[in-house]
Amino acid sequence: IIGDRVRQFRSEQGLSQMRLAELLQLEGMECSDLTVLRIEKGQRFVPDYEIKVLAKVLAVTYSDLLDGKTEHN
C-alpha cells in the first residue's frame, strides 16, 4: 500500500534507495537497498512498526504514507 508513497517522498528528498536504507538502519530497522526496492514495488509487507520508522526518517505522517493525503496535495 505504501510503496508508491515511499518512492515519492524518497525522490522528493533526493535520497537514493541505499541512503534511505542507511537512515532506516540508524533507527534500528534491518534494511538494505533491496528491502527499500521491494517496499517501493509492493513486493514486501511493511508492518506497522516499520511504517513508524519510515515516517520518522522521511519526516512525514503515518497518514501521508497510508492514505496518500498530504498538505501539498
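Because the structure is predicted, anything quoted here is derived from the model rather than measured. Each residue takes its place number in the sequence, starting with 1.
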Within the side chain of Arg5, is there an N or O that forms a donor-acceptor pair under 3.5 Å with the backbone of Asp64?
yes
How many angstroms lie between [atom1] in [X] and [atom2] in [Y], if you round to the nearest 0.5 Å?
X     : Y     : atom1 : atom2 : result
Asp67 : Thr61 : CG    : OG1   : 7.5 Å
Gln17 : Ser32 : CD    : OG    : 9.5 Å
Cys31 : Leu23 : SG    : CG    : 10.0 Å
Leu20 : Gln25 : CG    : CD    : 10.0 Å

Take Glu22 and Leu26 through the side chain to side chain contact (heavy atoms under 4.5 Å, CB included) test and state the conclusion after the steps.
CA-CA 6 Å; Glu22 291 169 351; Leu26 290 173; 5.8 Å; no
Which residue pairs satisfy the salt bridge (charged side-chain N to carboxylate O under 4.0 Å, His left out) criterion with at least one member in residues 47-60, sequence neighbours excluded?
Glu27-Lys56, Arg44-Glu50
Nearest heavy-atom contact between Ile2 and Leu65 is CG2-O, 3.2 Å
Got a sec: does the CD of Glu30 have more than 12 other heavy atoms crowding it under 6.0 Å?
no
If you count the non-hydrogen atoms of other residues, nucleotides and ligands that lie under 6.0 Å from CZ in Arg38, is the total more than 12?
no
Hits for salt bridge (charged side-chain N to carboxylate O under 4.0 Å, His left out) against Asp33, two or more places apart or cross-chain, chain-then-number order -> none
Besides Leu37, the hydrophobic cluster formed by Ile, Leu, Val, Met, Phe, Trp and Tyr side chains linked at under 4.5 Å, directly or via other members, contains Leu34
Apply side chain to side chain contact (heavy atoms under 4.5 Å, CB included) to residues Leu58 and Gln13 and explain how you reach the verdict.
CA-CA 8 Å; Leu58 293 170; Gln13 295 178 31; 4.1 Å; yes
Side chain to side chain contact (heavy atoms under 4.5 Å, CB included), that's the test. Do Arg19 and Arg10 meet it? Break it down for me.
CA-CA 9 Å; Arg19 181 62 183 147; Arg10 178 183 60 75; over 6 Å; no
Met18 and Phe9: same hydrophobic cluster, using ILVMFWY side-chain contacts below 4.5 Å?
no
Side chain to side chain contact (heavy atoms under 4.5 Å, CB included) for Val60 and Leu54? Distances and angles first, verdict last.
CA-CA 8 Å; Val60 297; Leu54 280 161; over 6 Å; no
